[in-house]
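Below: one structure in structure tokens.
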Amino acid sequence: MSIAPESYIVRGATGDWEIVVGLEVHAQVTSKAKLFSGASTTFGSEPNDNVSLVDAAFPGMLPVINAECVRQAVRTGLALGARINRYSRFDRKNYFYADLPQGYQISQFSDPIVGEGEVHVELANGASKAIGIERLHLEQDAGKSIHDQHPRMTLVDLNRSGVALMEIVSKPDMRTPEEAGAYLKKLRTLLRYIGSCDGNMEQGSMRADVNVSVRRPGAPFGTRCEIKNVNSVRFVMQAIEYEAQRQVDIIEAGGTIDQETRLFDPNKGETRSMRSKEDAHDYRYFPDPDLLPLEFDEDFIEAARQSLPELPDAKKARFTHEWGLAEHNAATLVGEKESADWFEQLIDELVAKTGQPIAKIAAKASNWMLSDLYGHLNKAGQNITQCPIDPARSAALLALVLDGTISGSAAKDVLEDMFATGRDPLVIVEEKGLKQVSDTGALEAMADQIIAANPTQVEQYKAGKTKVIGFLVGQVMKESRGQANPAVVNEILAKKLGSS
Ligand code: ADP
Ligand code: MG
């Protein structure tokens, strides 16, 4: 029994099974203050430093909605191509836990702030797929119970209590671990583009509950298990793979799947049971009487829409269709807002320096950035935000190649020096004597000399074996100690040989 990568189907002893996945992603809203109090959301503070009386649920405290969190949720909904609900409200989700002092979480149940939408993901085989969004709602985070600091007691840290989360619920549209990974990455990219969440999974600002079931291809959905709080893309993919196999094994052995909540253990690569799944009615949801419903007018939604930057799909389309970039280059560049921004600055600088139209230089510049520059960055273990060379200097280097001042191979040497020293490319070119000789007077003299010294090749050329011009160009290059511009040499030789 195995998961066949080519079809992404679990091959069981009794036949094939299809995996069905839906994700509930919790994304912490970028905001200085919590959802219903003015307490700070700073990461890494001392335990219980960022706790107001509201977060600690002192009697008589009243929640006050943070308008910035509402605005960010609406912007996120728009970025997900989703319907923004003009009317939404908050409900209490009741349960007891030591790190939940209110005894309920304020969430949204029947009337979430955002309704259905869609996210497009690209897969390794070049296909793209739409993943449906069911809803996005706002809710508060709980505190944290700490079990390993005291031999007999559990300690409680309420710093996270009341922090604003967006819960983004997908439809059960994913069929493979790869699709789930691509969806999560795309979501993170979108959130970072619009700045509504920093997408930092290690710090817990984004985490996923992963719902997995299996079925015979085309059959109705099977019973799902929900794997809680998975905090990396890789773990999400591993958890799905393990969980699907586990369910197939159980069903094929004659068993049934219990709907339950499970945990993923990254060390073992396994999921294990945590508790049986609770249903909505277990939480006794009811409207929070302390909070008014949210009602938006069109102007508010329109203002949020106007505040969105160009989103990655649109940017990618512009890079490929208008700027002539290869599909793969465009996809890589827009994957992180920082790399797309850096590239666009590079292009601005390059256009300013060379006066060439964008469509003529952008593809070359993207190849240079992704192979040459990223080659150095990868070797140094750095990302584009740590790049020691800025777009302006990079454009200065590329401009030297484009106007023929230096050759492509000399540019690689200059880049290596720039990366290490941060020096100006022209200074390096002068110092190392890398300038190509394009001065036709000097090159014509060299060409005459080489023609005179190689009568055999010249005869062959004139007899129609025009390929020998390569040999003659090589001789001139050698004579110039590699500094001649080969394109110019070629032109000069062809002219001389053709007309004599
Ligand atoms: P709950 O809020 O109780 O977890 P929902 O119906 O809101 O339940 O679904 C939660 C998530 O589970 C959604 O992302 C949905 O896509 C996913 N899901 C629902 N049914 C299945 C299924 N049979 N297999 C896999 N995922 C599912
Ligand atoms: Mg759930």
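Here, residue 1 is the first one in the sequence, and each next residue gets the next number. In each ligand, atom 1 is the first atom listed, and ligand 1 is the first ligand listed.
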Side-chain atoms of residues 361-369: list all donor-acceptor pairs with protein atoms under 3.5 Å, sequence neighbours left out, distances to 0.1 Å.
{"from": "S366", "atom 1": "OG", "to": "N329", "atom 2": "ND2", "distance (Å)": "3.0"}
{"from": "S366", "atom 1": "OG", "to": "A363", "atom 2": "O", "distance (Å)": "2.8"}
{"from": "N367", "atom 1": "OD1", "to": "N329", "atom 2": "ND2", "distance (Å)": "2.8"}

- Query: Closest heavy-atom contact between A208 and V236?
  - Reply: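 Closest heavy-atom pair between A208 and V236: CB-CG2, 4.3 Å.
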- If you count the atoms of ligand 1 from 1 in the order shown, which ones are under 4.0 Å from a heavy atom of F221?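 Listed by number with element: 23 (N).
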- E270/R246 salt bridge by N-O under 4.0 Å criterion: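 Result for this pair is no, no salt bridge flagged.
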- Query: Any salt bridge between E243 and R262, counting N to O under 4.0 Å?
  - Reply: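 Looking at E243 and R262, the cut-off is met.
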- When the ring planes of F319 and F343 are compared, do they come out parallel, tilted or perpendicular, using 30° and 60° as the limits?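 Perpendicular: the ring planes of F319 and F343 meet at over 60°.
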- Item | Distance filter under 4.0 Å to V169 heavy atoms, resulting ligand 1 atoms |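 Ligand 1 atoms under the 4.0 Å threshold to V169: 13 (C), 14 (O).
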- Task: Taking only heavy atoms of S170 into account, list the atoms of ligand 1 that are under 4.0 Å away from them.
- Result: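 Those atoms are 13 (C), 14 (O), 15 (C), 16 (O).
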- Query: If hydrogens are left out, which of E134, R224, Q259 has an atom nearest to atom 6 (O) of ligand 1, that is, the closest non-hydrogen atom?
  - Reply: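 Residue with the shortest heavy-atom distance to the ligand atom: R224.
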- Task: Please round to the nearest 0.5 Å and tell me the distance separating atom CD of E295 and atom OH of Y87.
- Result: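 One gets 7.0 Å once the value is rounded to the nearest 0.5 Å.
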- Message: Out of all atoms in ligand 1, which are within 4.0 Å of some heavy atom of L23? Include the element for each.
- Response: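 Result: 14 (O).
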- Item | Geometric N/O contact G222 with ligand 1, under 3.5 angstrom |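 Right, the criterion is met.
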- Query: Which atoms of ligand 1 have any heavy atom of K171 under 4.0 Å away?
  - Reply: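 In order of number, 16 (O).
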